[in-house]
Amino acid sequence: ASLERTLVIVKPDGYARGLTGEVLRRIEAKGYTLAALHVTTPDRERLAQHYAEHEGKPFYEPLVDFMASGPATFVIVEGHRAIEGFRALAGATDPTAALPGTIRGDLGRDWGLKVQQNIVHGSDSTESAEREIGIWFPDEVSALR
Ligand code: DAT
Ligand code: MG
C-alpha cells in the first residue's frame, strides 16, 4: 500500500457539462489529495504521446479529435493506492455499462458517437501514471514528498 500519484483528466465533455467540480468533489470525498491542477485545451502532439497504446485502433482518431476539442482539467491525484482507487471511482470505460455509484455510471451515457465520451481519464498503472504526469506536468516529475 504505497503512496501513489495518478493522472486524472476531466475530459472536454466533463468540462463542457460543468462536471469538473463534481469529479473533484468525489476525489476529495474519497480522501485523495489534489497535488496539482490546470485547465488547458490539450494539443495533438501530447495527446498522441498520451494515447500511443491506442494508435491504429478504430476509435483512435475520433478520440484525439474529441480530446483536442476544448478545455479539459488535468489533475495529479495523490494517495495510497490512488491509481486503483481512482479507476474504481471512475467505473467501466463504457459509460452505459459503468455501474451506478461511479463517475461514469452516474454522470455518463452513450451519445451515439464513435468514441466513448466518458468524462474522465485515470492512469492504469504506476508506469502509466509517471509517464502521463511527465507529459502533462513536465515540471512535476520529481519524486513524492
Ligand atoms: P480507459 O479510459 O477506461 O482507460 P482505454 O484506455 O481502453 O479506456 O481507452 C481510452 C479511451 O478511448 C476511453 O476512455 C474511451 C475510448 N475508447 C476505448 N475503447 C473504445 C471503444 N471500443 N469504442 C469507442 N471508444 C473507446
Ligand atoms: Mg486507459
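From a predicted model like this one, the values you see are computed outputs, not experimental measurements. Order of listing sets the numbers, starting from 1, for every ligand and every atom in it. What you see below is based on every heavy atom in this structure, not just the backbone, and it leaves out hydrogens, waters and symmetry mates.
No side-chain heavy atom of Glu22 sits under 4.5 Å from any side-chain heavy atom of Asp106. Using a 4.5 Å heavy-atom cutoff, the side chains of Lys11 and Gln117 are not in contact. Phe137 has its side chain within reach of His38: a pair of non-hydrogen atoms, C-beta onward, lies under 4.5 Å apart.
Of the possible polar contacts, none joining the Thr6 side chain to the Ala129 backbone as a donor-acceptor pair under 3.5 Å is found. Side-chain atoms of Arg104 come within 3.5 Å of backbone atoms of Val120 as a donor-acceptor pair (strictly under, hydrogens ignored).
Using a non-hydrogen distance threshold of 4.0 Å, Arg104 registers as a contact of ligand 1. The closest approach between any non-hydrogen atom of Lys11 and ligand 1 is below 4.0 Å. Proximity of Asn118 to ligand 1 is established by a heavy-atom distance of less than 4.0 Å. At a 4.0 Å cut-off, at least one heavy atom of Lys114 sits close enough to ligand 1 to count as contact.
Counting heavy atoms under 4.0 Å from ligand 1, residue Met67 does not touch it at all.
Atom 21 (C) of ligand 1 has as its closest protein heavy atom Phe59 CD2, 3.6 Å. For atom 4 (O) of ligand 1, the closest heavy atom belonging to the protein is Arg87 NH1, 2.7 Å. Looking only at protein heavy atoms, the nearest one to atom 10 (C) of ligand 1 is His54 NE2, 3.5 Å. Atom 3 (O) of ligand 1 has as its closest protein heavy atom Thr93 OG1, 2.5 Å.
For ligand 1, one of its N or O atoms has an N or O atom of Gln116 under 3.5 Å away. Geometrically, ligand 1 and His121 share no nitrogen or oxygen pair separated by less than 3.5 Å.
To the nearest 0.5 Å, the span separating OH on Tyr60 from CG on Asp65 amounts to 10.0 Å.
Atom CZ of Phe66 sits in a crowded spot, with more than 12 heavy atoms from other residues, nucleotides or ligands closer than 6.0 Å.
Between the side chains of Trp136 and His50, a donor-acceptor pair is found at a separation under 3.5 Å.
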